[in-house]
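As structure tokens, the structure follows; a few thoughts come after it.
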Amino acid sequence: MALTSLWEDLHPHPAPAEAVVDGEWDALVIGAGITGLTTATLLARAGLAVAVLEARHVGAGTTGRSTAKVSLLQGTQYSRISRRHSDAVLRGYAAANAEALAWVTRFCDDHGVEYQRRPAYTYATSEQGERSVRAELTALHKAGVDGATWVDEVPLPFSTTGAVRLDDQVQLDPLELLAGLRAEAVEHGVSIVEGARVRRLHGHGPYTVETEAGEATAPLVVVATNMPILDRGGFFARAEPARSYGLAFRTSGSAVDGMYLSADSPSRSLRDTPAPTGSLLLVGGDGHKTGTSGSELGHLDSLRAWTHEHFPDAEETHAWSAQDYVPHHALPYAGPILPGADRLLIAGGYSKWGMTNGVAAALAITARVLGGNLEWASTFEPWSTHELTGVPDSIRINAAVALEMTSGWVRKIATRDDAPICTHLGGVLRRNDAEDSWDCPLHGSRFGPDGSVLEGPATCALRGSGA
Ligand SMILES: Cc1cc2nc3c(=O)[nH]c(=O)nc-3n(C[C@H](O)[C@H](O)[C@H](O)COP(=O)(O)OP(=O)(O)OC[C@H]3O[C@@H](n4cnc5c(N)ncnc54)[C@H](O)[C@@H]3O)c2cc1C
Ligand code: FES
């Protein structure tokens with residue numbers, strides 16, 4: 001059973017026209033989520049001939065399943081960065097996100113995309129959570145995020161031990177934003193080809209991109225597939241794939257009057273969204289590393305139970321899940337796939353904060369290509385010295401990946417189970433009982449019941465599936 005997000009239900013996508021990929025372009029952008037469409041729009045505004053190659057359809061990835069808070073307050077992300085990096089890097093991250101937030105609201109104002117201003121909260125429900133939230137407030141002040149304050153009273157229907165509050169943040173419908181981006185991109189001549197999964201890339205510039213629907217060539221390629229689908233650069237080994245869950249509910253009163261994220265685990269995220277019948281309550285969280293949960297349905301059920309405990313009249317309308325990637329060094333990537341590869345660029349690794357970071361990555365990439373200067377762009381630079389701070393985490397996590405690889409195969413051989421094998425690097429897949437998919441515990445590729453690729457880094461369907 002494929003789970004459908006509220007946004008996907010509100011904006012069903014028409015069946016894509018038959019995909020045809022060919023020609024020579026100034027730039028090819030792979031992936032039509034927030035990162036790919038913003039990049040394509042910015043490059044096309046500057047006069048480049050751009051084609052976007054999308055495996056499924058616009059918004060089919062994480063963007064169409066996001067909680068879509070466009071916020072400078074991001075759970076405990078600033079203290080996570082602060083523990084690993086200098087104050088200068090932390091300030092660069094805040095500046096990048098502030099510029100992206102301003103870009104999104106300006107774009108929405110100019111293109112009639114609706115959004116709502118809300119206070120954002122990172123709240124605690126335990127003493128340990130309170131310590132984390134107080135550390136977050138310190139990190140926010142170091143980062144130069146003005147206006148972040150401590151509040152003892154949090155307007156939620158259960159007890160808390162306080163929160164950080166930041167007013168005037170934004171929430172929206174991510175597929176409405178993508179529709180606006182798509183319309184502007186097309187107006188500037190961008191060709192968006194849906195149903196064109198990229199399989200390979202040849203050459204060292206110009207590059208030939210091989211898809212299921214033909215080949216195209218360009219001197220500049222931007223890989224905006226969330227996790228880069230190309231193994232050059234080994235980004236799949238530098239981030240952890242994280243799944244989490246979303247639910248929408250009708251409630252009798254007003255839902256909540258802010259955007260909330262808990263510092264305590266399991267995480268709980270709350271926001272409202274306008275609906276014709278009054279506002280809906282969106283509840284998210286209960287995340288885990290992809291392919292390592294005993295039961296994904298169990299995570300959805302615990303989120304349901306928590307909601308019914310605190311919002312007893314909530315009536316469920318939608319349930320879904322989604323995936324993002326959490327880099328070991330805690331910072332997003334936007335730059336060359338390998339040192340010196342200045343025209344083969346990647347972007348991703350947003351630690352579940354891509355509604356701002358995806359836009360910031362697109363701004364950084366466009367500035368690099370067009371010769372602009374963004375002071376904060378070095379914060380997102382792959383292959384920079386600040387990535388070294390993630391090495392101990394990387395070693396630990398990749399040791400766990402290697403152990404998972406071995407134990408997966410030992411289990412498969414010993415029990416003669418018929419779990420399929422991941423077409424990326426041979427991980428033994430695990431069945432996801434919430435989505436009837438096969439999920440890879442190594443780097444997060446996922447496959448549908450027919451064997452087709454749902455999420456990368458894999459680019460090929462399961463062997464023998466015919467998909
Ligand atoms: C549950 C959840 C809640 C979240 N909530 C928030 C939030 O409140 N605020 C926030 O800022 N962030 C949030 N995020 C994170 C944010 O949604 C993501 O970081 C962001 O949407 C990623 O955008 P993207 O364009 O990089 O990737 P995607 O939206 O995943 O787009 C990548 C595209 O590439 C395509 N693709 C993949 N492989 C290929 C291929 N081989 N060939 C061609 N195309 C390909 C995919 O089909 C997809 O359309 C959340 C994430 C999750 C998981
Ligand atoms: S995603 Fe890398 S082995 Fe499966």
Side-chain angles (χ1 to χ4, degrees), residues 5 29-39 52-71 74-75 77 97 100-101 104 120 169-172 174 178 193-201 209 211-212 223-231 236-237 241-246 259 261 267 269 271 282 284-287 290-291 320-325 332 347-359 361-362 401 404-405 408 421-429 438-447 453-460:
S5 75
V29 174
I30 307 175
I34 191 164
T35 309
L37 286 190
T38 309
T39 306
V52 176
L53 308 175
E54 164 54 48
R56 292 188 282 160
H57 54 266
V58 167
T62 307
T63 308
R65 301 172 152 243
S66 177
T67 319
K69 299 169 182 166
V70 190
S71 174
Q74 303 179 346
Q77 177 68 357
N97 278 267
L101 174 57
V104 170
Q169 304 305 292
V170 164
Q171 60 180 31
L172 45 66
L178 290 193
V193 189
E194 296 173 295
R197 182 171 297 281
V198 172
R199 297 263 197 231
R200 274 175 217 93
L201 175 141
V209 175
T211 76
E212 291 167 339
V223 182
T225 52
N226 206 350
M227 170 53 70
I229 49 154
L230 304 176
D231 285 348
F236 60 84
R243 274 204 94 62
S244 53
Y245 299 84
M259 305 186 293
L261 183 58
S267 62
S269 157
R271 62 162 275 198
L282 304 192
D286 231 80
T290 304
W320 68 96
S321 72
Q323 184 156 311
D324 214 23
Y325 299 85
Y350 306 134
S351 304
K352 300 189 193 167
W353 291 104
M355 297 306 296
T356 44
N357 281 303
V359 171
V401 166
E404 181 63 54
M405 174 75 148
I421 304 306
C422 181
T423 56
H424 177 229
L425 292 176
V428 179
L429 301 178
W438 289 99
D439 298 2
C440 184
L442 269 52
H443 315 114
S445 291
R446 297 180 56 246
F447 302 84
V453 180
L454 297 175
E455 328 234 6
T459 57
C460 294

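Whatever order the structure lists them in is the order used to number ligands and atoms, beginning at 1.
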Inset, instruction - Work out whether the distance between some heavy atom of A68 and some atom of ligand 1 is less than 4.0 Å. - result: yes

Inset, instruction - Answer yes or no: does an N/O atom from T225 fall short of 3.5 Å to an N/O atom of ligand 1? - result: no

Inset, instruction - Measuring from atom 2 (Fe) of ligand 2, name the closest N, O or S atom belonging to H424. - result: ND1

Legend entry - The one among V52, N226, L53, L37 that brings a heavy atom closest to atom 27 (O) of ligand 1: N226

Legend entry - Part of P174 with heavy atoms under 4.0 Å of ligand 1, whether side chain, backbone, both or neither: neither

Inset, instruction - Report the angle formed at atom 4 (Fe) of ligand 2 by atom SG of C422 and atom SG of C440, rounding to the nearest 10°. - result: 110°

Inset, instruction - List every atom of ligand 2 that sits less than 4.0 Å from any heavy atom of G427, numbering the atoms from 1 in the order shown and giving each element. - result: 3 (S)

Inset, instruction - Examine the proximity of ligand 1 to I30 and report which part, side chain or backbone, both or neither, has a heavy atom under 4.0 Å away. - result: side chain

Legend entry - Any residue meeting ring-ring contact (aromatic ring centres under 6.0 Å, His included) with Y245, in chain and number order, not counting sequence neighbours: H288, H299

Legend entry - Any A32 heavy atom less than 4.0 Å to ligand 1: yes

Inset, instruction - Would you kindly specify which portion of R199 sits under 4.0 Å from ligand 1, judged on non-hydrogen atoms: side chain, backbone, both or neither? - result: neither

Legend entry - Heavy-atom check, side chain of Q171 versus side chain of L282, under 4.5 Å: no

Legend entry - Flag for T62-Y350: side-chain donor and acceptor within less than 3.5 Å: no

Inset, instruction - Report yes if some N/O of S244 lies less than 3.5 Å from some N/O of ligand 1; otherwise report no. - result: no

Legend entry - For atom 2 (Fe) of ligand 2: the N/O/S atom of H443 at shortest distance: ND1

Legend entry - Within reach of ligand 1, part of Y350 (heavy-atom separation under 4.0 Å): side chain

Legend entry - Partners meeting salt bridge (Lys or Arg N to Asp or Glu O under 4.0 Å) with E455 (sequence neighbours left out): R243, R446

